[in-house]
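Numbers for residues simply follow the sequence, beginning at 1. When a ligand or atom number is given, it counts from 1 through the structure's own listing order.
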Amino acid sequence: MDYKASENIQDLQYFGEFGGVNPSISDSSTYTFLSAKTMFDTFEGNTEGCYLYSRHSSPSNLYLGEALAQLEGTESANVYASGMGAISSVIMQLCDANEHIVCSRTIYGGTYAFLKNFLKKFNISTSFIDITNLEIVEQSITPKTKMIYCEAVSNPLLEVADIQSLSRLAKKHGIPLVVDNTFSPLNINAAKLGADVVIHSLTKFINGSSDCVAGAVCASTDFCLSLKDVNDGAGMLLGSTLDSLRAASILKNMRTLHVRIKKHSENAHYLATAFEKDGLKVVYPGLESHPGHETMKNQMNAEYGFGGLMTLDVGSLENANALMELMQKEKLGYLAVSLGFYKTLFSAPGTSTSSEIPLEEQEELGLSQGLIRFSIGLDNDIHKTYLTMRSCMEKLDILPRKAVLV
Ligand code: PLP
């Protein structure tokens, strides 16, 4: 991969009304027209550069959308009030009643619940499959299948999807490949690898300050416009539009994404390597022991590393809870869901972000109750963090006996 996303984002310059270094925020829900005819034409989608109503689009949302299109290398991007707002709009735009979706079995719990439970209303069914097994993916496609859906690096098990191969498969069957790239912005350019639609929860790394929820869809101009269509666009009609004030603050935070992602990755890689040496059960795509390590290496932008997420299996929910509480006490981070914050965040997905997945299914996936998901923060001294985390594990007798401090 040699797509220079961050350079392209940095090169996007927007000036404020008075020459400010940041663009002015569009603080209006509605826009005036000098002629009634132009208003009619705008409704019909025939007027470039005219704004109508902020649920449809606003200058601030368009600025952020342009930066996100540069991130993924797509023609266009729309922004939404949350990652789920983006996901539900894309799925409902691509799928009609009685149709079918092929989806990875390891995905964010909210997406799983939307596909499995909510879409029942429309008799839309989903086959949840092992996305790393291309034969099974292909066998699951039926004449009713409207998309292959996966996460580039999955929540919470950090499975790595082979986007190039999945894209070839999708093209062969004439269906789009939809990839949620929330866990790996900049690390992986899903669209450049062949994804037709790329979704982000901006709530996480892209905004990076855990102060809002937001989402994005990066895709062709035609698809982005179809989502905004006043007659049948899911984004426009379901109403999950992002507020302009938030769009402006996310754009400012996005300017530092490249620096943050490198540090998140560097710190996560350090801890994953050290804890694996200590004999702990660590999952991190940067480790050679990770089944998706080679796939990740082939499709990543090497300078951004393998991402900021890792998991540790500490054997039981009791161990996981005790360790998380102690780590929080020791100021190592917060016992909280979500990811991409400057501070390390940790939670046990089996009882939190993936609790929508029934227990038996969690077990089948290898999502054990003792699994802790870590979003590693921007700690300046990661060796000190390692030593403090290690001493928490020693206190709780979680560290394997063979571990000797190096
Ligand atoms: N996609 C992934 C991979 C996520 O982890 C999440 C939330 O945790 C979402 C989508 C949903 O995003 P949001 O919470 O912004 O709606």
Side-chain angles (χ1 to χ4, degrees), residues 64 68 71-72 77-92 101 103-118 128 131 149-161 163 178-188 190 195 197-218 234-235 238-243 246-247 249-250 253-254 261 264 285 292 307-311 334-341 345-357 365 367 371-376:
L64 177 60
L68 289 157
L71 172 74
E72 286 296 343
N78 293 348
V79 293
Y80 292 88
S82 68
M84 282 311 298
I87 291 166
S88 53
S89 296
V90 166
I91 292 173
M92 300 206 48
I101 295 165
C103 179
S104 168
R105 58 187 185 164
T106 93
I107 47 164
Y108 165 58
T111 310
Y112 173 89
F114 180 72
L115 291 166
K116 179 141 192 208
N117 307 327
F118 191 86
F128 293 98
I131 204 77
Y149 185 100
C150 66
E151 294 173 358
V153 176
S154 78
N155 183 359
L157 294 176
L158 310 184
E159 241 175 41
V160 179
I163 297 169
V178 179
V179 176
D180 178 338
N181 200 16
T182 298
F183 273 30
S184 42
L186 286 177
N187 311 98
I188 291 177
V197 178
V198 184
I199 296 174
H200 283 279
S201 163
L202 304 177
T203 315
K204 315 292 166 28
F205 289 106
I206 292 179
N207 184 51
S209 51
S210 292
D211 55 1
C212 71
V213 285
V217 174
C218 308
L238 297 174
S240 55
T241 311
L242 183 62
D243 182 72
R246 273 306 175 194
S249 72
I250 295 168
N253 288 356
M254 203 179 154
I261 289 287
H264 283 297
L309 273 296
M310 69 166 203
T311 67
Y334 301 130
L335 203 180
V337 297
S338 203
L339 40 128
F341 197 36
L345 302 179
F346 34 81
S347 56
T351 49
S352 58
T353 48
S354 297
S355 57
E356 296 90 342
I357 304 174
L365 299 174
L367 204 179
L371 192 90
I372 305 178
R373 186 190 75 184
F374 289 83
S375 164
I376 303 299

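Using modelled atom types, one side-chain atom of Ser154 and one backbone atom of Glu159 make a donor-acceptor pair closer than 3.5 Å.
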For a side-chain contact (heavy atoms from CB on, under 4.5 Å) check, start with the C-alpha distance between Ile101 and Val178, then their side-chain angles and the critical distance, and finish with the verdict.
CA-CA 11 Å; Ile101 295 165; Val178 179; over 6 Å; no
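In this structure, Leu202 and Met254 have side chains that are not in contact, with every pair of non-hydrogen atoms separated by 4.5 Å or more. Annotation: side chain of Pro185 is in contact with side chain of Asn187 (closest heavy-atom distance under 4.5 Å).
Inspection of the Asn155 and Arg373 side chains reveals an N or O donor paired with an N or O acceptor under 3.5 Å.
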So what's ligand 1 close to, N/O to N/O, under 3.5 Å?
residue  : atom   : partner : partner atom : Å
ligand 1 : 1 (N)  : Asp180  : OD2          : 2.6
ligand 1 : 5 (O)  : Asn155  : ND2          : 2.8
ligand 1 : 8 (O)  : Lys204  : NZ           : 2.7
ligand 1 : 12 (O) : Ser201  : OG           : 3.1
ligand 1 : 15 (O) : Gly83   : N            : 2.8
ligand 1 : 15 (O) : Ser201  : OG           : 2.8
ligand 1 : 15 (O) : Thr203  : OG1          : 2.6
ligand 1 : 16 (O) : Gly83   : N            : 3.0
ligand 1 : 16 (O) : Met84   : N            : 2.8

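Between His264 and Phe205, the angle of the ring planes goes over 60°, which puts this pair in the perpendicular group of the 30/60° scheme.
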